Amino acid sequence: MRVLLPDSTELELPDGSTGLDAAAAIGPNLAKDAVLVRSNGRVQDLRLPLEDGQPIQILTTRDTDDPDALYVLRHSAAHLLAEAVRRLYPGTKIAIGPPIENGFYYDFEFPEPIGEDALERIEAEIERELEEGRSWEREEVSAEDAKRLFSEQGEDYKVELVDTAEGEISLYTQGEFTDLCRGPHLQDSKPIKALKLTGLAGAYWRGDEKNTQLTRIYGTAFFSQADLDAYLERLEEARKRDHRRLGTELDLFHLGEVSPGAPFWHPKGMVIWNVLEDLRRREDLRRGYAEVKTPLIFDKSLWETSGHWEKFRENMFLISDDERVSGLKPMNCPGHILIFGNRLRSYRELPLRLAEAGTLHRNELAGTLHGLTRVTHVTQDDSHIFCTRDQIEEEVLGCLDYSEYLYGLFGLEFRFELSTRPENRLGTDEEWDFTEGALRSALERRGLEYELNEGDGAFYGPKIDLHMTDSLGRSWQMGTIQLDSQMPARFGVTYVGPDNHEHTPYMIHRASFGSLERFIGILIEHYAGAFPVWLAPVQVRIIPVGLDHRDAARELAEKLDEFRVEVDDSDETVGKRIRNAEVEKIPYVLVWGDKESEDSIAVRTHGGEQSTKSLDELQAELRKASSVS
RNA sequence: GCCGGAGUAGCUCAGCUGGUCAGAGCAACGGUUUUGUAAACCGUAGGCCGUCGGUUCGAAUCCGACCUCCGGCUCCA
């Protein structure tokens, strides 16, 4: 057999050769340092036979940044973790332990609960394993043998995994520890030069909260101590971007115990909020949305009609007095449907696009709140488009365009997900074929890449969600486009078609920012608090050098009053006031003293760059920087 | 809701093997200084040590419950 090497040369090998054989044929050092084989984008264990005629690439311990090489390293590290836990805590059952982005974890069922201090002990045990050295043996067995092995060991979770496994069953053994595993793995533990256990958490077996909760131990591993140090440093840097921290430092908002999950917006945070609101209002107008406002509180009967009483009551804040039970709205759709249904509608009015930055309240499960990105007081830039079947695709395209335009303004990176019919759903299969097809077709017509999220749609229809990642790598759902063929029918709203008959409209739920709170949280992290001029709460700060310059500084501020300008004439040195402006991340600082005039203003931008500009030049520059789009 | 942590001045944190343990820096306030591109100097004030209960002669410190926050799981915009 022969394989193709990355430099395009061919390598002749005996039939049935493995990746390790290939590496050895090239050189003994390569064989020693090899961690896995990559072929056509697929990774493969070194111990497995190669396919004839295929290109291969041997990854080694020197590929320290390669995600595949790191995955293998961390996967093997997870097995060391499991071995250590089993030795230290007899009777512990092991579940699964995959590599993940930035590390790995392993899930266990401990006989007794463990605390965080256990991590040190376990880490020490892994260090001991590393000093001793471990090597991995791969073995393929029948499902029956695998089940026998694991049931003898009392490893119920592994037995269950064998039952649901597809394809070959393979085992990896290191030392006295054998695990069910598809691989690939390292040859031995030498490449694991740095390892750290990073956390402890509860996690449900197979991700289902109805199952038993296991204890998950998180860790990470690298090919060198320097890489681990660099990773920890990056984490620390990311923490500095955390919007919760910056929200306090920049005096944008605060959260208080008296109203969990409901932000108090401070003046500076409110500036950003209003810039976004203005932007949204302008775009809604431009794109043919009509703004409405609907009540916060609705009688229970409305929620029964909408289905929220049945499906969403757990997440609703309820109010009751002697007279009646009401609920604070968790969504705007019922209100908008009531506006649509308030009088007879004609097909000539469609598509009817109603928009509202509505205040919603959602009583989230304790333990899920998170700064601005997960709140109980949610402000959605919500709109509902009532349209005919034929209009759906065009409207979805319009929503996609809206989202891409908005996120483009901020230079945000995001990804689309298409969620399709869930098991628990309303409507016929034909209906779902049509609605899913319409969303897919709109995505494809715009040439957008998207991930398919099968079975994750709403009970009333499929949806396209826009997802983003925060500074610590957590993924958040932002905007959403949901196609709904059920809600209008539940409310019995109709329009009169050209055939003079009544028809039920389709409804598209669309939010572009998603929630203003979450969006601002993400924005703070995206800019690390250093907002561009058009978003910055304070755009320009003027610092008079001495007492004599105060009046001139105020005059200058007046000439720049189309911008958000402040004069800092506090009794501090110039150096201190500059520092304060830098710490507050104000984009423009103007120092005004004896040397300055309207023809020559000392300009300092955030970060320290200095220049001299005339008032006209400065105004032109600021106008450009503060305009949206 | 579940698992593991944590809650001490406005902020960041020390004190937490029970007994001068109510502490520091920054911020605030007062005074001196009038400043030229990231921190002038001196002083003052500020805390029911998250809340409630228990153990003890004595609790910020030990125990319990609750609240909130942090890291995850689940759920979600």
Side-chain angles (χ1 to χ4, degrees), chain A residues 105 107 110 113-119 198-218 239 242 244-245 248-249 251 254-261 312 314-315 330-331 360 362 364-376 378-382 456 458 463 465-468 472 474-480 482 509 511-519 521-522 543-550 569-584 589-596 602-610:
Chain A
Y105 67 79
D107 286 347
F110 285 92
I114 60 161
E116 224 154 54
D117 44 349
L119 293 184
T198 52
L200 191 60
Y204 301 101
W205 170 238
R206 291 187 184 272
D208 189 334
E209 78 183 313
K210 288 191 282 291
N211 291 337
T212 48
Q213 189 167 42
L214 306 169
T215 303
R216 176 170 297 177
I217 296 177
Y218 285 94
R239 271 191 263 277
D242 192 312
R244 292 165 299 184
R245 177 187 180 129
T248 303
E249 285 176 4
D251 198 17
H254 84 266
L255 293 154
E257 283 195 21
V258 286
S259 189
F312 213 73
E314 295 294 299
N315 287 305
M331 295 184 191
L360 311 177
R362 296 185 182 180
E364 300 288 354
L365 247 34
T368 58
L369 298 179
H370 187 97
L372 292 179
T373 46
R374 188 71 182 271
V375 291
T376 54
V378 189
T379 309
Q380 256 185 8
D381 63 320
D382 208 359
D456 212 33
K463 57 178 186 164
D465 293 326
L466 202 150
H467 292 256
M468 286 193 57
L472 291 166
R474 285 178 284 235
S475 180
W476 298 99
Q477 187 189 315
M478 310 296 290
T480 186
Q482 307 182 356
H509 308 243
S512 295
F513 288 130
S515 109
L516 257 315
E517 288 85 358
R518 180 175 288 180
F519 193 84
I522 292 280
I543 298 178
V545 172
L547 289 174
D548 298 344
H549 309 111
R550 284 178 167 179
D569 58 2
S570 61
D571 184 17
E572 295 286 356
T573 59
V574 172
K576 181 59 183 292
R577 282 178 284 161
I578 298 264
R579 181 185 142 79
N580 286 344
E582 284 290 344
V583 168
E584 290 172 54
V589 176
L590 312 178
V591 176
W592 188 279
D594 288 336
K595 296 183 226 160
E596 280 69 32
V603 178
R604 177 191 170 110
T605 50
H606 176 64
E609 200 172 307
Q610 292 176 49

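Throughout, protein chains are lettered first and strands after them, A, B, ... in sequence-line order, and every chain is numbered starting at 1. Quick caveat: nothing in here was measured; it's all calculated off a predicted structure.
- Within the 4.0 angstrom heavy-atom criterion, no nucleotide atom of any strand lies near A:Asp382.
- Partners of A:Leu360 according to the side chain to side chain contact (heavy atoms under 4.5 Å, CB included) rule, which considers only residues two or more places apart in sequence or in another chain, are A:Lys329, A:Asn332, A:Arg362, A:Val378, A:Gln380.
- In this view, A:Arg206 and A:Glu160, A:Thr164 satisfy the side-chain hydrogen bond (donor to acceptor under 3.5 Å, both in side chains) rule, not counting sequence neighbours.
- In this structure, A:Thr215 reaches neither bases nor backbone, as no heavy-atom distance under 4.0 Å exists between it and the strands shown.
- Taking atom C1' on both nucleotides, B:C11 is separated from B:U32 by 27 Å, rounded to a whole Å.
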I'd like a list of close polar pairs between nucleotides 26-33 of chain B and the protein, N/O only, cut-off under 3.5 Å.
{"residue": "B:A27", "atom": "OP1", "partner": "A:Lys576", "partner atom": "NZ", "Å": "2.5"}
{"residue": "B:U32", "atom": "O4", "partner": "A:Asp571", "partner atom": "OD2", "Å": "3.4"}
{"residue": "B:U33", "atom": "N3", "partner": "A:Asp571", "partner atom": "OD1", "Å": "3.2"}
{"residue": "B:U33", "atom": "N3", "partner": "A:Asp571", "partner atom": "OD2", "Å": "3.3"}
{"residue": "B:U33", "atom": "O4", "partner": "A:Asp571", "partner atom": "OD1", "Å": "3.3"}
{"residue": "B:U33", "atom": "O4", "partner": "A:Asp571", "partner atom": "OD2", "Å": "2.3"}

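- A search for ring-ring contact (aromatic ring centres under 6.0 Å, His included) contacts involving A:Tyr204 returns nothing, not counting sequence neighbours.
- Within the 4.5 Å cutoff, side-chain heavy atoms of A:Gln477 are placed close to those of A:Arg518.
- Not a single donor-acceptor pair, N or O on each side, falls under 3.5 Å between the base of B:A39 and the side chain of A:Glu582.
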field: Secondary-structure notation, RNA chain B, from Watson-Crick and G-U pairs under 3.5 angstrom (| other strand)
entry: (((((((..((((.....[...)))).(((((.......))))).....(((((..]....))))))))))))....
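- For the pair A:Ile543 CD1 and B:U34 P, the computed distance is 19 Å after rounding to whole Å.
- Applying the side-chain hydrogen bond (donor to acceptor under 3.5 Å, both in side chains) criterion to A:Thr212, with sequence neighbours excluded, gives A:Tyr157.
- Contact annotation for A:Leu369: backbone-only contact, meaning every heavy-atom pair under 4.0 Å involves sugar-phosphate atoms and none involves a base.
- Taking the ring-ring contact (aromatic ring centres under 6.0 Å, His included) definition, one finds that A:His467 meets it with nothing, sequence neighbours left out.
- Heavy atoms of A:Gly256 sit nowhere under 4.0 angstrom from any nucleic acid atom.
- In this view, A:Asn580 satisfies the side-chain hydrogen bond (donor to acceptor under 3.5 Å, both in side chains) rule with no residue, not counting sequence neighbours.
- If you check every strand for non-hydrogen atoms under 4.0 Å, A:Val375 touches a base.
- Comparing B:G54 with B:G18, their C1' atoms sit 15 Å apart, to the nearest whole Å.
- Counting only heavy atoms from C-beta on, A:Lys463 has its side chain closest to B:A77 among B:A40, B:A77, B:U74.
- When heavy atoms are screened at a 4.0 angstrom cut-off, A:Tyr218 is found touching the sugar-phosphate backbone but no base atom.
- In this structure, A:Arg206 reaches neither bases nor backbone, as no heavy-atom distance under 4.0 Å exists between it and the strands shown.
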Check the interface with nucleotides 4-12 of chain B: list each N/O to N/O pair with the protein under 3.5 Å, or write none.
{"residue": "B:G4", "atom": "O2'", "partner": "A:Glu116", "partner atom": "OE2", "Å": "3.4"}

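- At a threshold of 4.0 angstrom between heavy atoms, the contacts of A:Glu517 with the nucleic acid are absent.
- With rounding to whole Å, A:Trp476 atom CH2 is found 14 Å from B:C75 atom P.
- Here the P atom of nucleotide B:C76 and the CG atom of A:Asp465 are 10 Å apart, to the nearest Å.
- To the nearest whole angstrom, the two P atoms, one in B:G10 and one in B:A28, are 14 Å apart.
- Of the N and O atoms on the side chains of A:Ser570 and A:Glu572, not one donor lies less than 3.5 Å from an acceptor on the other residue.
- The gap from the C1' atom of B:C67 to that of B:U51 amounts to 7 Å, rounded to the nearest Å.
- Across B:C57 and B:G47, the matching C1' atoms stand 26 Å from one another, rounded to whole Å.
- For A:Arg374 and B:C75, a side-chain-to-base donor-acceptor distance below 3.5 Å is present, hydrogens and geometry of angles not being considered.
- If you measure from atom CH2 of A:Trp592 to atom C1' of B:G36, you get 14 Å, rounded to the nearest angstrom.
- Donor-acceptor pairing under 3.5 Å, judged by distance alone, is present between the side chain of A:Glu596 and the base of B:G36.
- Residue A:Arg244 is the one, among A:Arg244 and A:Gln477, whose nearest nucleotide of RNA chain B lies closer to the 5' end (criterion: closest heavy atom).
- Residues passing the side chain to side chain contact (heavy atoms under 4.5 Å, CB included) test with A:Thr248, sequence neighbours excluded: none.
- A:Val574 comes within contact range of the sugar-phosphate backbone alone, with a heavy-atom separation under 4.0 Å but no base atom that close.
- Take A:Asp594 and apply the side-chain hydrogen bond (donor to acceptor under 3.5 Å, both in side chains) test, not counting sequence neighbours, and it matches A:His549.
- A straight line from CG of A:Asp208 to P of B:C3 spans 17 Å, rounded to a whole angstrom.
- We find that CZ of A:Arg245 is positioned 8 Å from P of B:C13, with the value rounded to whole Å.
- Each of A:Gly575 and A:Arg216 was matched to the nucleotide of RNA chain B holding its nearest heavy atom; the match closer to the 5' end belongs to A:Gly575.
- One C1' atom belongs to B:G64, the other to B:U56, and the distance between them is 16 Å to the nearest Å.
- For the side chain to side chain contact (heavy atoms under 4.5 Å, CB included) test, residues two or more places apart in sequence or in another chain that qualify with A:Leu255 are A:Phe253, A:Pro263.
- If you check distances only, the side chain of A:Arg362 never reaches the base of B:C75 with a donor-acceptor pair under 3.5 Å.
- A:Gln610 comes within 4.0 angstrom of a base, heavy atoms only.
- Out of B:G1, B:U37, B:G71, the shortest distance to the side chain of A:Arg604 is found at B:U37.
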